[in-house]
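Residue numbering restarts at 1 for every chain, and letters A, B, ... go by the order of the sequence lines. Below, each value reflects all heavy atoms present in this structure, side chains not excepted, and no hydrogens, waters or symmetry copies.
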Protein chains: 2
Amino acid sequence: MTLHTSQTIMRKSLHHELVDRLQPLIINSELKPGTKIPEKQLCERFGVSRTPLREALKVLASDGLVRLEPNRGAWVTQVTQEEVDEVFPVLGALEALSGELACKHITDAEIEEVRALHAQMIRSYENRDLDAYFSVNQKIHRAILLAARNATLTTSCQALSLRMQRARYLANMSEGRWYDAVQEHEKILQCLVARDGPNLAATLLHHMDAKRASVVKWLQSQETTDAI
Amino acid sequence: MTLHTSQTIMRKSLHHELVDRLQPLIINSELKPGTKIPEKQLCERFGVSRTPLREALKVLASDGLVRLEPNRGAWVTQVTQEEVDEVFPVLGALEALSGELACKHITDAEIEEVRALHAQMIRSYENRDLDAYFSVNQKIHRAILLAARNATLTTSCQALSLRMQRARYLANMSEGRWYDAVQEHEKILQCLVARDGPNLAATLLHHMDAKRASVVKWLQSQETTDAI
DNA sequence: TGACTTAATTATGAATTCAAAATTACGCTG
DNA sequence: CAGCGTAATTTTGAATTCATAATTAAGTCA
């Protein structure tokens with residue numbers, strides 16, 4: 001019955017693979033917030049049975065991307081203002097810590113890497129290429145995270161970051177906010193180069209709060225229009 | 001086939017219930033770190049089939065309590081020094097934030113609650129009742145967490161806390177460390193009463209680092225003896 | 001006896017099946 | 001024809017089944 005076409009998954013554990021495949025679908029809103037997760041369709045699409053798919057959904061639920069309603073199936077969670085106001089402060093505290101630790105452990109080579117990413121981000125900003133900007137932006141935050149040399153911190157940060165990502169992605173920044181964000185990143189780079197942990201921590205904290213405010217603003221503007 | 005005795009689980013979703021039941025088994029080391037999880041036995045014990053149990057194991061794995069080895073089953077994770085050195089700083093940052101936020105939102109009634117718990121903890125200390133001490137201690141941290149009014153923070157903290165709990169529980173504190181811990185808690189209460197957020201944050205941060213050091217010390221003393 | 005092969009057993013991962021719950025479709029009554 | 005109640009259908013949750021991988025046991029030969 002099950003065909004092993006190129007589309008079909010067959011490496012490592014199926015449920016783990018499915019988690020990795022479902023996450024992007026939720027992040028880029030192919031599976032829309034507030035909608036029901038079409039179990040049957042997804043099984044066909046990935047060429048798997050319900051068992052591993054449901055296992056994956058349980059994991060995604062514990063990460064907050066999916067909500068399980070007993071006897072009613074799985075639903076893509078909404079990004080609400082309440083959630084944004086909750087998650088960003090936590091993310092801020094974690095990123096601040098990552099900055100602190102990164103300054104202690106980062107190598108010169110890694111700093112050069114961040115510098116290169118930063119330059120690339122500036123170019124994306126100048127070209128008003130939001131997709132590229134977001135992509136590089138994330139790489140920078142990730143590079144700092146990795147420099148912190150703390151796998152637990154990385155995991156925690158990324159889990160929360162993921163939850164905010166689709167909102168952040170959807171939320172078109174205002175011209176003014178975008179400018180400010182770039183300025184903040186300028187300072188982030190400077191702190192990192194100077195290996196000034198406390199300063200970097202404070203900057204990242206502020207950066208996160210500004211992001212929060214920006215996302216909230218966008219959410220509120222959407223309230224009248226449509227739920228994300 | 002499946003009997004619905006009082007032992008058998010039947011409320012809400014089975015996998016969720018199983019997560020809640022398996023966690024304590026791992027925390028109190030009934031399922032010993034480093035050992036294989038006896039799937040079959042647990043199915044019999046809880047009167048469920050393998051499907052929901054395996055779903056629960058996937059969730060526990062994403063929380064770091066269990067490690068899944070492809071085609072080799074599920075294993076209880078070890079608490080290593082590397083992990084302790086990673087998790088406590090993250091926990092410290094989160095608890096610091098919880099202190100900060102708690103000072104902003106806590107009610108007088110809640111402060112009285114913490115005061116009562118604190119008094120109870122002192123009594124446990126004076127009676128050298130470590131079990132009671134740990135239990136009340138956790139209640140205090142949880143009360144502060146709840147006063148922070150941030151469900152995401154609560155969830156994140158508790159997930160990490162859980163991972164450290166069995167180590168913390170096993171790690172008999174030295175007389176000196178126990179005394180210091182009580183002093184730290186004295187200060188925590190004072191900061192809370194004064195609603196001094198920054199001070200409480202700093203105190204909790206230091207408290208966590210002292211806990212880390214204490215656990216590491218114990219782990220090292222165990223290295224020669226036996227792996228936990 | 002001891003290392004190596006191979007067969008038997010067991011455990012795992014995932015598909016399938018089945019009972020129960022929820023949803024939808026239908027028909028009845030006012 | 002609108003609202004309610006009941007039957008048919010679909011979906012969900014969980015048990016069972018089945019193929020495959022891993023482990024253990026048995027047997028072979030130096």
Side-chain angles (χ1 to χ4, degrees), chain A residues 1-23 25-26 31-32 34-63 65-77, chain B residues 1-23 25-26 31-32 34-63 65-77:
Chain A
M1 180 93 282
T2 304
L3 300 171
H4 284 272
T5 64
S6 58
Q7 278 290 65
T8 307
I9 299 164
M10 43 194 121
R11 82 154 210 250
K12 66 175 173 182
S13 75
L14 228 25
H15 98 276
H16 191 279
E17 179 76 16
L18 284 169
V19 168
D20 286 350
R21 293 246 207 163
L22 290 172
Q23 272 178 352
L25 296 190
I26 296 173
L31 294 173
K32 293 196 181 56
T35 64
K36 193 156 186 230
I37 293 186
E39 215 175 82
K40 211 169 186 177
Q41 263 176 254
L42 291 173
C43 285
E44 284 172 20
R45 171 167 180 174
F46 294 124
V48 300
S49 74
R50 284 174 59 221
T51 308
L53 184 78
R54 297 177 93 264
E55 287 171 348
L57 291 176
K58 306 269 187 299
V59 172
L60 291 172
S62 90
D63 285 347
L65 290 176
V66 157
R67 190 166 34 84
L68 300 174
E69 288 194 22
N71 292 321
R72 299 205 51 241
W75 303 69
V76 182
T77 51
Chain B
M1 180 92 280
T2 305
L3 299 171
H4 284 272
T5 63
S6 59
Q7 277 291 66
T8 307
I9 299 163
M10 44 194 122
R11 82 156 213 247
K12 64 176 174 181
S13 74
L14 227 26
H15 98 275
H16 191 281
E17 179 76 14
L18 284 168
V19 168
D20 287 349
R21 292 247 208 162
L22 290 171
Q23 272 178 353
L25 296 189
I26 296 174
L31 294 173
K32 292 195 181 58
T35 64
K36 190 149 191 247
I37 293 187
E39 215 175 83
K40 211 169 186 176
Q41 263 175 253
L42 290 173
C43 284
E44 283 172 21
R45 171 165 179 175
F46 294 124
V48 299
S49 75
R50 284 173 60 220
T51 308
L53 184 78
R54 297 176 94 264
E55 288 171 347
L57 291 176
K58 305 268 187 298
V59 172
L60 291 171
S62 90
D63 285 347
L65 289 176
V66 157
R67 189 166 34 84
L68 300 174
E69 289 194 21
N71 292 320
R72 297 205 53 240
W75 303 70
V76 182
T77 52

Once you round to the nearest 0.5 Å, how far does [atom1] of [X] lie from [atom2] of [Y]?
| X | Y | atom1 | atom2 | result |
| --- | --- | --- | --- | --- |
| A:L42 | A:L57 | CG | CG | 7.5 Å |
| B:K58 | B:L53 | NZ | CG | 9.5 Å |
| B:E69 | B:K36 | CD | NZ | 9.0 Å |

Is the distance from OP1 or OP2 of C:dA14 to the nearest side-chain N or O of A:T51 less than 4.0 Å?
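The answer is no; no side-chain N or O of A:T51 sits under 4.0 Å from OP1 or OP2.
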Looking only at non-hydrogen atoms, find the nearest pair between [X] and [Y] and report the distance.
| X | Y | result |
| --- | --- | --- |
| B:Q23 | B:D63 | NE2-OD2, 4.3 Å |
| B:V59 | B:H15 | CG2-CD2, 4.3 Å |
| A:T77 | A:L65 | OG1-O, 3.0 Å |
| A:L22 | A:F46 | CD2-CE1, 3.9 Å |
| B:L68 | B:P70 | O-CD, 3.6 Å |

For DNA chain C, write out the stems as range with range, using runs of 3 or more consecutive Watson-Crick or G-U pairs with both distances under 3.5 Å.
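C:1-30 with D:1-30 - these are the stems of 3 or more pairs that involve DNA chain C.
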Separation of C:dA14 P from B:E55 CD (nearest whole Å):
13 Å
Roughly how many Å is it from CZ in A:F46 to C1' in C:dA15, rounded to a whole number?
18 Å
For nucleotides 10-13 of chain D, which of its nitrogen or oxygen atoms have a protein nitrogen or oxygen under 3.5 Å away, and what is each distance?
unit_1 : atom_1 : unit_2 : atom_2 : d
D:dT11 : O3'    : A:K36  : NZ     : 3.4
D:dT12 : OP1    : A:K36  : NZ     : 2.3
D:dG13 : OP1    : A:N71  : N      : 3.1
D:dG13 : OP2    : A:R54  : NH2    : 2.4
D:dG13 : O5'    : A:R54  : NH2    : 3.2
D:dG13 : N7     : A:R50  : NH2    : 2.8
D:dG13 : O6     : A:R50  : NH1    : 3.1

